[in-house]
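Proteins get letters first, then strands, A, B, ... in listed order; numbering begins at 1 in each.
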Amino acid sequence: MAKFFDIKLRSYIFDKYFKGVWFGEYLENTHNFWVSPERLVQNNEKAIFSFNDSWKVNLPQTKEFWLDFVFGFESELLEVLAKMEFEWVSIDSEKLAKIWEEIEIKTKKIEAEIYEVVWEKFNINSAKQVQEILFEKLKIPTSKKIKTGFSVDNEALSFIAKDYAIASLILDYRWLQKLQSTYVQWLLKVINKQTGKIHTTYNQIKTSTGRLSSENPNLQNIPSGDFFSDEIKSCFIPSSPDYEILVADYSQVELRILANLSGDPELTNAFLNSEDIHNKTAKFLFWENTTITSELRRRAKTVNFGVIYGISGFGLSKTMNVSMAEATEYINKFFEKYSRVKTYYENVLEKARQTGYVETFFGRRRYINWLNDANRIIKWQAEREALNMPIQWTSADIIKLAMIKIDNFLKEKNLKSKLIMQVHDELVFEIHKTELQLVQKEIREIMENIHNFPIKLLVDISIWENWKKAKE
DNA sequence: ACAATGGTCC
DNA sequence: ACTCGGACCATTGTA
């Protein structure tokens with residue numbers, strides 16, 4: 001284990017991770033660990049587990065992850081995460097309360113409009129009741145079928161919104177309701193009364209792709225992009241007027257990693273020439289259009305991300321709302337243009353079938369079990385995971401390394417600035433105003449040079465008086 | 001308590 | 001028999 005200089009911090013970490021759950025016997029094929037609720041015994045900096053087979057939990061990590069957890073940089077990251085959690089995040093609760101009021105008023109208004117249209121009161125939050133109103137009472141044509149009838153999700157409602165005002169009203173209502181219940185209300189609830197701050201928990205061991213997760217509250221899915229979302233984000237403030245919020249954001253990190261891993265010349269050139277990668281994809285996907293509108297760029301972006309996520313014609317057609325034939329054509333065009341990506345993917349799968357695992361750029365492994373399964377659905381699922389994992393986990397590793405290095409830097413120089421949040425490819429800091437130049441420069445330096453890739457990593461840095469979304 | 005549905009983020 | 005990777009959370013409705 002890493003040596004923790006602070007006894008309080010150390011006991012916090014042991015509490016958090018090792019009190020109830022520790023790895024005992026590892027079962028190679030299922031990623032299952034036999035664990036026990038027994039206390040851990042602390043002995044010479046080592047956690048020793050007292051066995052008891054009364055519990056079994058399913059943790060997604062492989063044996064390699066746990067080895068790294070103990071001997072590699074995950075243990076150093078543990079300390080950084082604990083410090084972030086200790087610091088907490090300041091929030092402007094008065095402003096948040098005001099937003100709550102505003103949203104409440106708007107919601108009431110839209111609610112009344114909806115009731116007026118249908119001449120009836122019903123619970124708009126209930127999918128079942130919305131189904132009844134739309135499809136039975138108003139006889140609106142249905143689209144997507146689900147288990148219990150016809151879907152009334154965003155996609156289905158958007159589809160009929162141009163003909164039926166009620167659909168767009170419900171969409172508006174839902175959006176506000178979502179913001180209110182999941183974000184504003186939840187944040188207000190978890191603000192600590194004494195400190196006025198919020199306290200999230202970062203989980204290091206819950207995802208199967210090496211990313212962190214955040215809960216109670218989840219700070220990694222705060223919405224952005226529209227008026228109220230930005231209002232909510234602006235409630236995240238520095239802990240004192242001496243600080244400012246710095247957001248450091250890896251630019252297109254997963255596509256850059258894909259370019260580095262595959263060595264595809266087209267992708268590589270695009271990044272070396274600082275082209276807009278989504279525009280580039282759009283240009284040959286929709287070649288018949290001379291100008292690339294923002295809509296076409298958005299669709300090309302979906303294709304680009306689809307490739308990272310392990311593409312399939314069916315899935316892409318669903319997210320892009322096009323026919324399967326059209327989606328398949330986009331995929332074919334993509335692989336035609338970026339042909340080395342295709343070879344790279346084939347090689348990954350080939351190697352995975354032979355060895356049973358895929359690995360990240362830094363050599364971490366994940367064992368994939370169902371690559372030769374007789375059931376096609378299972379097999380394809382395994383293939384998608386196999387293709388996505390090296391990319392997503394490599395980028396997760398990169399930002400984790402950056403967090404450790406930046407923390408070491410701040411510690412060594414005895415600076416006041418602090419890392420306060422992580423959102424997958426984005427780090428959020430509180431920077432003391434006197435340290436602004438120095439720290440900003442160093443953060444960029446560290447993040448961009450985690451590894452000397454042929455295609456450099458790029459970081460966008462922006463400084464705000466509160467937490468706004470950094471530009472894409 | 002739990003399943004189904006829906007929605008937000010990278 | 002109908003799938004794009006990874007997360008967390010709310011509400012309703014059924015058990």
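Going from atom CG of A/Asp153 over to atom C1' of B/dT8 covers 14 Å, rounded to whole Å. A/Arg174 places its CZ atom 9 Å from the C1' atom of B/dG7, with the value rounded to the nearest Å. Rounded to whole Å, atom P of C/dC9 lies 11 Å from atom NZ of A/Lys189. One atom, CD of A/Glu215, and another, C1' of B/dT8, lie 16 Å apart when rounded to the nearest Å. The nearest whole Å value for the distance from the CG atom in A/Leu261 to the P atom in C/dG5 is 19 Å. One can place CG of A/Leu176 at 11 Å from P of B/dT8, the figure rounded to the nearest angstrom. Distance CD (A/Glu254) to P (C/dC4): 17 Å, rounded to an integer number of Å. For A/Leu171 and B/dG6, the CG to P distance is 12 Å, given to the nearest whole Å.
Among the heavy atoms of the strands lying under 4.0 Å from A/Ser312 is at least one base atom, whether or not backbone atoms are also near. Residue contacts shown for A/Asn221 include a base, since a base heavy atom lies under 4.0 Å away. When heavy atoms are screened at a 4.0 angstrom cut-off, A/Leu212 is found touching no nucleic acid atom at all. Using a 4.0 Å heavy-atom distance criterion, A/Ile308 is classed as making no nucleic acid contact. Nucleic acid contact class of A/Val307 (heavy atoms, under 4.0 Å, all strands): none.
Here B/dT5 is the nucleotide among B/dT5, C/dC9, C/dT11 with the atom lying nearest to any side-chain atom of A/Ala127. Closest approach to the A/Thr319 side chain among C/dC4, C/dG13, B/dG6 is made by C/dC4 (side chain taken as heavy atoms from C-beta onward). Closest to the side chain of A/Asp425, from the set B/dC10, B/dT8, C/dC8, is B/dC10. In this structure, the nucleotide among B/dT8, B/dC10, C/dG6 sitting nearest to the side chain of A/Pro223 is B/dT8.
When the shell of 6.0 Å around NZ of A/Lys189 is examined, it contains 12 or fewer heavy atoms from other residues, nucleotides or ligands.
Between A/Gln381 and the phosphate of C/dG5, there is a side-chain N or O to OP1/OP2 separation shorter than 4.0 Å. Taking only side-chain nitrogens and oxygens, A/Asn123 comes nearer than 4.0 Å to OP1 or OP2 of C/dT12. The phosphate of C/dG5 has neither OP1 nor OP2 within less than 4.0 Å of any side-chain N or O from A/Thr209. Side-chain nitrogen and oxygen atoms of A/Arg384 include at least one within less than 4.0 Å of the OP1 or OP2 phosphate oxygen of C/dG5. In this model, the phosphate group of C/dC9 is approached by a side-chain N or O of A/Asn216 to a distance below 4.0 Å at OP1 or OP2. Note on A/Ser395: every side-chain N or O is 4.0 Å or more away from OP1 and OP2 of B/dC10. Put simply, A/Arg211 has no side-chain N or O that comes within less than 4.0 Å of OP1 or OP2 on B/dC10. For the pair A/Asn125 and C/dT12, the criterion of a side-chain N or O lying under 4.0 Å from OP1 or OP2 is met. Between A/Gln177 and B/dG6 there is no side-chain polar atom (N or O) within less than 4.0 angstrom of OP1 or OP2. At the phosphate of C/dG5, neither OP1 nor OP2 sits under 4.0 Å from any side-chain N or O atom of A/Ser208. The phosphate of B/dT5 has OP1 or OP2 within less than 4.0 Å of a side-chain N or O from A/Thr148. Contact annotation: A/Lys128 side-chain N/O to C/dT11 OP1/OP2 distance is not under 4.0 Å. For A/Asn154, a side-chain nitrogen or oxygen approaches OP1 or OP2 of B/dT8 to under 4.0 Å.
Taking 4.5 Å as the limit, every side-chain heavy atom of A/Phe236 sits out of range of all side-chain heavy atoms of A/Asp92. Using a 4.5 Å heavy-atom threshold, the side chains of A/Glu74 and A/Lys400 count as touching.
Under 3.5 Å, the side chains of A/Glu104 and A/Gln180 contain a donor-acceptor pair of N or O atoms. A donor-acceptor pair shorter than 3.5 Å cannot be found between the side chains of A/Ser234 and A/Asn466.
Taking the six-membered ring where the residue is Trp, A/Phe305 and A/His278 present tilted rings, their angle falling between 30° and 60°.
Contact of A/Gln392 with C/dG5 (side chain to base): a donor-acceptor pair of N or O atoms is detected under 3.5 Å.
Between C/dC4 and B/dC2, the two P atoms lie 27 Å apart (nearest whole Å). Between B/dT5 and C/dT3, the two P atoms lie 13 Å apart (nearest whole Å).
Cation-pi geometry between A/Lys162 and A/Tyr164 is not met: the NZ or CZ atom fails to fall both under 6.0 Å from the ring centre and inside 45° of the normal.
Nearest-nucleotide assignment on DNA chain C puts the 5′-proximal partner with A/Met324, out of A/Met324 and A/Glu385.
No side-chain donor-acceptor contact under 3.5 Å links A/Tyr330 to the backbone of A/Leu316.
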